[in-house]
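Since the structure comes first, as structure tokens, the remarks are kept for the end.
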Amino acid sequence: MAQFQSLPGFREFYPDALARRNHIFRLWRQTAGAYGFQEYDAPVLEPLDLYKTKSGDEIESQLFSFTDKGGREVALRPEMTPTVCRLVGEKANALKRPIKWFSIAEFYRYERMQKGRGRCFFQLNADIFGEAGVEAETELIALLIQCFGAFGLTAEDFYVRLSDRNLWFYYLEALGLDEPRSRAVLSAVDRHEKMGDDAFKDYTDQFGALDSGLKTKVLAFLQIKSLATLEAAVSSIPGEKLGARLADWRKLLGNLTAMSLGKFVEVDLGVVRGLAYYTGFVFEAFDRKGELRALAGGGRYDSLIGKLGYNDMPAVGFGMGDMTFGLLLEQRGLTPTVTQPTDVYVVIGGEAERQAAFADIQSLRSDGYRVDYPLKDLAFGKQFKAAGESGAKLALVYGGEELAKGVVRIRDLAARTEMEVPRDQVSVVVRDFFSGGAE
RNA sequence: GCGGCCAUAGCUCAGUUGGUUAGAGCACAAGAUUGUGAUUCUUGGGGUCGCGGGUUCGAAUCCCGUUGGCCGCCCCA
């Protein structure tokens, strides 16, 4: 039977599935536009080194990578961040700040499939470049929240966990840990929610057991869930860094509260977003029920553009994928089927009438109406049934009786009423009907 | 890369201790119906039972392998 299958982890979009996908993209695009973000796009295939430079050589095992016919090592893009950094870095001096950009694009990762994760997926990416202050985080977190809200999702359905890698580093530094040890602790913090105490195994292997007093403090810190607790934990520690950082926290949370988005955001220092390049605030969106994997994630990455060989530029961004998001919409019954209905269905008596109908069909189509008709002769009953199923508002009847009188019978399919219209008036009547004045 | 479960029509699934020509509902199509959307009825197309091998007189059924899927681990940029 199936001689050829699609490759594992790749998706095919039949019309109803594509309609759902387009619905998601339409609202994302509209929302990003409302926040003043400009859309861009970029190549699907990139030099392999672009990703190795950002993430390390190990990344290759998780990429669709190969050598092209010119001997170049290339990879299908697994994410947008390095690419958009290049775009911005190349023209940094010519771009008006702040740079607020977004894209909706497909990505590829060579990895094992799981619920909400495949080998190809779409992602909304939104980034702000050139703004070092929390105003950038404010905009992006607000946009993230509205990208959910636009679908009718509420604070009952999802929330955003907010954390801060800088704060962690300053805190661990104050506890007397050097940078390698701090990184290892952060890695443990990242895994602690899932693995519990085993999360510290790597640290122990590398540096020996973490002092139990320190560990107690770390565990207490990662459980902080409010600004008040955070302030209390930090107040006794000397130094300006932590105090200044707390001021950033107050400002960011204040901004979001002023936008009436406070109820969506939770302080949660247990989130540090695993790896590498984040340099400040980080945030992740989850479903409230805790049944799905992360819905979106982002944060500040001020040093990445410099790492790629350009002048440093502050940057904040997030990405959200279509797969887990689609699961959430489905769970909440928010996936309307929005296939585009026909406007006008043309009912045709026979071959002679078909020739007459073609002129009006083409004319209406040129005017932009969605017009359909049976490709082969069908009984009238079948045609009206097809008209109803097509979603058309109007049926135009080209029968022998009508044409003999020089008229077309126009049926309002919802109201089940009919009228006869002279043939040369058809397009006028149709236009009037659709411009609001029915009948 | 590792582990568990699974694979019969487009979809959801029956299929007895291994036994004649593999079934149902839904969906699709034709007709009843040569001028009006429902309902109903009749009929039809559609299957190498995921694929390959083995056991057997005989395999959708039992065994092995393989591919694919779901779920979890690792990872998650």
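Each chain gets a letter, A, B and so on, in the order the sequences are listed, and its residues count up from 1. Because the structure is predicted, anything quoted here is derived from the model rather than measured.
The separation of B:U61 from B:U48, taken at their P atoms, amounts to 15 Å, rounded to a whole angstrom. B:G69 and B:C51 have their C1' atoms separated by 15 Å, given to the nearest Å. B:C13 and B:C71 have their P atoms separated by 15 Å, with the value rounded to a whole Å. Rounded to whole Å, the C1' atom of B:C49 lies 10 Å from the corresponding atom of B:A7. With P as the reference atom, B:U17 and B:U67 are 32 Å apart, rounded to whole Å. Using C1' as the reference atom, B:G25 and B:A32 are 23 Å apart when rounded to the nearest Å. B:G1 and B:C75: their C1' atoms are spaced 10 Å apart (whole Å). Rounded to the nearest Å, the gap between the P atom of B:U16 and that of B:A22 is 15 Å.
Atom P of nucleotide B:A77 and atom CZ of A:Phe318 are separated by 15 Å, given to the nearest angstrom. Regarding A:Lys307, its NZ atom lies at a distance of 14 Å from the P atom of B:A77, rounded to whole Å. In this structure, A:Gln383 places its CD atom 12 Å from P of B:A30, rounding to the nearest Å. Atom CG of A:Leu378 and atom P of B:A29 are 10 Å apart (whole Å). To the nearest angstrom, P of B:C28 lies 13 Å from CG of A:Asp16. Rounded to an integer number of Å, the gap from CG of A:Leu63 to P of B:C76 is 13 Å. Atoms CD (A:Glu284) and P (B:C76) sit 12 Å apart, rounded to a whole Å. In this structure, CG of A:Asp127 is placed 15 Å from P of B:A77, rounded to the nearest angstrom.
By the 30° and 60° cut-offs, the orientation of the rings of A:Tyr373 relative to A:Phe358 is perpendicular. In this pair, A:Phe151 and A:Phe325 present their aromatic rings perpendicular. The plane angle is above 60°, beyond the 30 to 60° band. Note on ring orientation: taking the six-membered ring where Trp is involved, the planes of A:Trp168 and A:Tyr171 are perpendicular (angle over 60°, cut-offs 30° and 60°).
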Give each protein N/O atom lying under 3.5 Å from an N/O atom of nucleotides 35-45 of chain B, with the pair distance.
from: B:G35; atom 1: O6; to: A:Gly400; atom 2: N; distance (Å): 3.2
from: B:G35; atom 1: O6; to: A:Glu401; atom 2: N; distance (Å): 2.9
from: B:G35; atom 1: O6; to: A:Glu402; atom 2: OE1; distance (Å): 3.4
from: B:G35; atom 1: N1; to: A:Glu402; atom 2: OE1; distance (Å): 2.8
from: B:G35; atom 1: N1; to: A:Glu402; atom 2: OE2; distance (Å): 3.0
from: B:G35; atom 1: N2; to: A:Glu402; atom 2: OE2; distance (Å): 2.4
from: B:U36; atom 1: O2; to: A:Arg411; atom 2: NE; distance (Å): 3.3
from: B:U36; atom 1: O2; to: A:Arg411; atom 2: NH1; distance (Å): 3.2
from: B:U36; atom 1: O2; to: A:Glu418; atom 2: OE2; distance (Å): 3.3
from: B:U36; atom 1: N3; to: A:Glu418; atom 2: OE2; distance (Å): 2.5
from: B:U36; atom 1: O4; to: A:Glu418; atom 2: OE1; distance (Å): 3.3
from: B:U36; atom 1: O4; to: A:Glu418; atom 2: OE2; distance (Å): 3.4
from: B:G37; atom 1: N7; to: A:Arg411; atom 2: NE; distance (Å): 3.4
from: B:G37; atom 1: N7; to: A:Arg411; atom 2: NH2; distance (Å): 2.7
from: B:G37; atom 1: O6; to: A:Arg411; atom 2: NE; distance (Å): 2.8
from: B:G37; atom 1: O6; to: A:Arg411; atom 2: NH2; distance (Å): 2.9
from: B:G37; atom 1: O6; to: A:Leu413; atom 2: O; distance (Å): 3.0
from: B:G37; atom 1: N1; to: A:Leu413; atom 2: O; distance (Å): 2.5

Distances for protein N/O vs nucleotides 68-72 of chain B N/O pairs under 3.5 angstrom?
from: B:G69; atom 1: OP1; to: A:Gly9; atom 2: N; distance (Å): 3.3
from: B:C71; atom 1: OP2; to: A:Lys115; atom 2: N; distance (Å): 3.2

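Side-chain atoms of A:Val421 and A:Leu396, non-hydrogen and from C-beta on, never get closer than 4.5 Å to each other.
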So A:Glu46 and A:Arg77, salt bridge (Lys or Arg N to Asp or Glu O under 4.0 Å) or not? Walk me through it. CA-CA 6 Å; A:Glu46 290 277 16; A:Arg77 62 185 174 198; over 6 Å; no
Candidate pair A:Asp322 and A:Arg20, rule salt bridge (Lys or Arg N to Asp or Glu O under 4.0 Å), full reasoning: CA-CA 10 Å; A:Asp322 69 313; A:Arg20 283 194 292 276; over 6 Å; no
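For the atom pair CZ (A:Phe433) and CG (A:Asp412), the distance works out to 4.5 Å, reported to the nearest 0.5 Å. The distance from atom CD1 of A:Ile141 to atom CG of A:Leu261, rounded to the nearest 0.5 Å, is 9.5 Å.
Stem regions for RNA chain B, each three or more consecutive Watson-Crick or G-U pairs with both distances under 3.5 Å and listed by first number, read B:1-7 with B:67-73, B:10-13 with B:23-26, B:28-32 with B:40-44, B:50-54 with B:62-66.
A salt bridge links A:Glu60 with A:Lys52; the closest basic N to acidic carboxylate O contact falls under 4.0 Å. The residues A:Arg183 and A:Glu179 are annotated as salt-bridged, a charged nitrogen and a carboxylate oxygen being separated by less than 4.0 angstrom. Salt bridge annotation for A:Arg300-A:Asp302: present, with a cationic side-chain nitrogen under 4.0 angstrom from a carboxylate oxygen. Taking 4.0 Å as the cut-off between side-chain N and carboxylate O, A:Arg288 and A:Glu266 count as a salt-bridged pair.
Of all the heavy atoms in A:Gly317 and A:Tyr301, the pair that sits closest is N-CE2, 3.6 Å.
The residue A:Lys52 sits apart from the nucleic acid: no heavy atom pair falls under 4.0 Å.
Taking 4.0 angstrom as the limit, A:Arg191 places a side-chain polar atom (N or O) nearer than this to OP1 or OP2 of B:C75.
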